[in-house]
Amino acid sequence: MRSRIYTIISGHFKSWYRSKSNIFWTIAFPLLLIVLFGAIFGNGSTKFDLYLQNQDLTGNVPTPLSQGYVNVLNQTGAFNLHIVAAEQPDPLTYVKKDAQDHNQGQRLLVIPLGFNATIMSGKNATVQLYMDQSDQASASLAGIVHSVTVSYAAAIANVPDHLVVQQVGIVTRNIRYIDFFIPGVIGMTLLTTGVFGAVNTNGRYRELKIIKKLATTPLSKMEWILGMVGYQMILATISLIVILFFGYAIFGVTATIDIYTVGLVVAAALLFPGIGMVLANFVKEAESADAAANAITFPMMFLAGTFWPRDTLPYIMKTIANFMPLTYINDGLRDALIYAEPAQALTNTLIALGLAAFFIVLGSILMNWKEE
Amino acid sequence: MSKDQPAPLPGQSDKIVQVENLSKKYGDNIAVNGISFTLNKGEVFAFLGPNGAGKTTTVEILECLRNPTGGQAKVLGYDVSKRSDQAEIRKRIGVLPQDFNAIDRLTVRENINYFGAMFKHQLDADKLIELVDLKDKRDEQFKKLSGGLKQRVGLAVSLVNDPDVVFLDEPTTGLDPRARRDVWGVVERLRSQGKTVFLTTHYMDEAEYLADIVSIIDHGQIIASGTPDQLIDTHGGKKTLIIRDAGQEGLKQLPQGLPKAELRNAGDIAISLNNGELTSILMSLGQTPLHDKEIEVRRPTLDDVFLNLTGRRVSEEGN
């Protein structure tokens with residue numbers, strides 16, 4: 001005897017791959033978005049992001065030579081300078097976080113305390129440039145910083161060697177927009193396939209009396225739900241693999257698939273169909289349920305950080321985003337796949353799994369298997 | 001049944017469906033109001049009535065989709081209200097819900113196997129495809145079939161577990177006349193195989209043509225039961241003699257002393273017949289200029305039965 005759950009999964013899967021529009025929305029559309037957004041924002045600015053901390057202050061005012069150095073760096077037009085406050089005790093950690101939040105390059109130049117005095121005393125002063133050697137931009141950026149520094153030293157003291165750039169290697173993932181975007185597209189795809197999949201199978205199948213028919217057979221409601229979730233897991237895995245492969249092939253996005261990724265896929269395959277089931281039960285007609293699904297998924301897609309970082313949103317929107325389940329899937333996928341931040345990935349995975357349990361249980365309770 | 005005889009075990013009785021004083025309320029609305037009937041093994045039973053009469057509610061109680069509010073219903077000896085019995089019923093019944101559609105993008109064969117996989121044992125899909133005459137369409141996706149063919153897939157799906165009783169809820173509603181005839185053909189084949197069939201319909205001709213036993217339900221109550229002939233004989237009224245295209249002129253040419261005659265349908269004369277009157281009337285007509293007109297005797301139908309019992313007719317749409 002073939003398992004009933006297997007039959008349901010295979011029935012859903014066949015229905016999926018035989019529908020051109022399903023294939024479009026699940027595979028082609030996300031890829032299209034990646035290409036479009038990648039082409040528009042993928043390379044980001046032509047300037048290099050550079051964080052700068054000037055520790056050489058007198059009172060709260062930068063010393064003349066340090067300020068002059070900053071001005072010269074700025075005048076090159078090669079950098080987007082992001083100033084880090086001098087009192088920031090751990091500038092590197094600050095830069096890593098801020099760069100990640102704002103999708104900027106993780107590079108830091110530190111002008112040490114005593115910079116002005118050292119040069120004035122005729123000794124060699126050193127600035128530290130923290131950057132990842134594997135960062136594709138590192139060679140050109142270091143080159144520019146170096147030549148600016150040499151010419152500045154020559155200009156102020158006529159001794160080019162007086163100013164030394166000390167390069168310090170740090171390990172970072174220099175996140176481009178496309179690296180940020182790809183996990184978002186995966187999250188978005190899981191959201192739409194999950195919610196619409198459940199609305200379709202529980203709303204439309206009800207209209208077509210397929211669920212009524214199944215309820216007269218030995219199939220139980222739990223088996224039906226497990227079949228639907230199993231199918232969503234397969235679809236989620238396919239989406240993940242296709243999108244990651246495409247991201248790697250076209251934009252060189254390298255991702256790490258780990259246990260958190262698996263956890264998040266499982267969570268998404270429970271969470272979004274759960275939401276869809278809840279919707280399908282409140283909005284009985286398949287067409288209205290479809291509209292309701294659109295009304296839920298679209299705002300979630302935009303607010304939960306699919307297309308751009310949530311930090312760029314107004315405060316009120318950021319607060320709303322905290323209540324959106326997709327936020328935790330998106331963040332978790334970014335932490336796991338791109339940022340390699342296991343601690344944050346774990347937190348997001350656990351929140352997503354908790355939400356998943358809540359929605360799938362609620363959806364299951366609300367779903368009418370028998371007639372009322 | 002005598003006291004000495006043990007009660008038959010569930011599933012072993014010849015009484016396939018036993019309904020006693022069954023009722024179902026939705027709030028203040030009484031959908032089914034204390035109905036009782038029995039369906040025996042091998043019978044084709046038609047539950048006949050207009051939309052909203054309580055047919056679907058009753059059949060869905062028997063299919064364990066709804067819980068009754070009162071009374072008792074047993075299917076194959078199992079109580080539809082008991083959870084443990086419901087599981088046994090589900091294994092043994094075949095169901096075609098009203099307006100059922102199979103899965104759009106699965107083929108005919110895949111659909112039969114899909115629903116078949118829900119049961120421990122399933123019949124060979126190809127044999128069912130043969131039974132419903134869909135050999136040429138077996139690998140066609142369901143969504144590409146016409147309404148009549150779709151309904152035949154539904155019939156095949158309802159038979160996939162080789163059920164002891166098949167419930168067909170309005171199986172021909174919305175079909176064109178030819179597709180209806182095709183569905184009737186399948187039901188006739190089931191009857192010839194000795195299958196027990198419970199059919200709901202608002203088509204009087206369908207019940208008359210297919211059913212061994214008909215129960216007429218209206219406003220949640222059974223108002224008459226019996227074989228179609230019994231119902232017609234009891235409630236159908238008199239036979240009618242029709243003289244085609246006789247017109248006003250014909251009325252004047254009728255012999256004296258005939259029962260009341262009336263003109264219908266642009267020229268037909270209709271004469272209501274009492275039992276035993278036919279021969280004498282035909283003989284007297286032979287003496288008149290009407291002797292060369294086309295003459296037919298029309299027997300009452302279940303339509304007339306329903307009209308006589310309720311004072312109204314059921315429309316094509318079932319209202």
Side-chain angles (χ1 to χ4, degrees), chain A residues 1-26 196-197 200-228 230-231 235 284-286 290 367-372, chain B residues 24 26-27 31 56-57 59-67 75 80 83 86-107 110-122 141-144 150 153-154 157-158 160-161 163 165-167 169-170:
Chain A
M1 185 187 67
R2 281 187 304 160
S3 142
R4 293 181 197 130
I5 296 174
Y6 167 80
T7 304
I8 287 163
I9 293 175
S10 111
H12 286 324
F13 194 63
K14 282 178 184 164
S15 294
W16 172 74
Y17 73 69
R18 286 175 187 171
S19 155
K20 288 192 184 84
S21 72
N22 281 348
I23 299 278
F24 174 79
W25 289 110
T26 332
F196 284 97
N200 187 33
T201 45
N202 293 289
R204 188 163 156 69
Y205 277 32
R206 184 172 297 284
E207 254 183 24
L208 295 177
K209 314 293 178 197
I210 292 169
I211 288 187
K212 185 180 269 187
K213 167 69 195 168
L214 288 170
T216 67
T217 72
L219 180 77
S220 68
K221 178 162 106 172
M222 199 38 70
E223 286 172 312
W224 167 251
I225 291 168
L226 285 174
M228 191 181 58
Y231 156 69
L235 217 55
K284 296 285 182 194
E285 278 173 36
D290 230 33
M367 184 188 178
N368 292 325
W369 190 240
K370 288 174 70 167
E371 301 295 309
E372 285 305 309
Chain B
K24 175 73 182 177
Y26 300 106
T56 296
T57 300
V59 84
E60 288 185 354
I61 290 171
L62 298 177
E63 292 163 1
C64 308
L65 285 172
R66 293 176 194 273
N67 295 319
V75 174
V80 299
R83 226 181 147 77
Q86 288 177 352
E88 296 301 321
I89 293 172
R90 287 195 188 104
K91 287 181 202 165
R92 294 169 168 82
I93 61 170
V95 173
L96 174 64
Q98 188 176 352
D99 301 326
F100 171 74
N101 280 271
I103 298 171
D104 269 353
R105 288 194 172 81
L106 297 192
T107 65
E110 286 169 341
N111 262 304
I112 294 172
N113 283 327
Y114 179 92
F115 289 97
M118 305 303 149
F119 298 93
K120 205 167 180 181
H121 302 290
Q122 74 163 96
Q141 285 185 19
F142 183 78
K143 64 174 182 162
K144 293 183 180 160
K150 282 182 174 172
V153 176
V157 161
S158 71
V160 73
N161 57 328
V165 54
V166 192
F167 294 96
D169 194 2
E170 301 266 5

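Numbered from 1 within each chain, the chains take letters A, B, ... in sequence-line order. Quick note: numbers below take in every heavy atom, side chains included, and nothing from hydrogens, waters or symmetry partners.
- Here CZ of Phe115(B) is found 5.0 Å from CG of Leu214(A). Values are rounded to the nearest 0.5 Å.
- Rounding to the nearest 0.5 Å places CD1 of Ile8(A) at 4.5 Å from CE of Met118(B).
- With values rounded to the nearest 0.5 angstrom, Arg105(B) atom CZ is found 13.5 Å from His12(A) atom NE2.
- With chain A as partner, the option from Val157(B), Asn111(B), Ile103(B) having the largest number of non-hydrogen pairs under 4.5 angstrom is Ile103(B).
- More than 12 heavy atoms of other residues, nucleotides or ligands sit less than 6.0 Å from atom CZ of Arg90(B).
- Most heavy-atom pairs under 4.5 Å with chain B: of the set Ser15(A), Pro218(A), Ser220(A), Ala215(A), this distinction falls to Pro218(A).
- Going from atom CG of Leu208(A) over to atom CZ of Phe142(B) covers 8.5 Å, rounded to the nearest 0.5 Å.
- With a threshold of 4.5 angstrom between heavy atoms, Glu63(B) approaches chain A through its backbone and through its side chain.
- In this structure, the separation between NZ on Lys212(A) and CG on Asp169(B) is 7.0 Å, given to the nearest 0.5 Å.
- A donor-acceptor pair under 3.5 Å is absent between the side-chain atoms of Lys213(A) and the main chain of Leu96(B), judged by distance alone.
- Interface residue Asp104(B): only side-chain heavy atoms are found under 4.5 Å from chain A.
- Looking at Leu106(B) and Arg18(A), their side chains come closer than 4.5 Å, going by heavy atoms from C-beta outward.
- With chain A as the partner, the residue from Gln141(B), Glu110(B), Gln98(B) showing the most heavy-atom pairs under 4.5 Å is Glu110(B).
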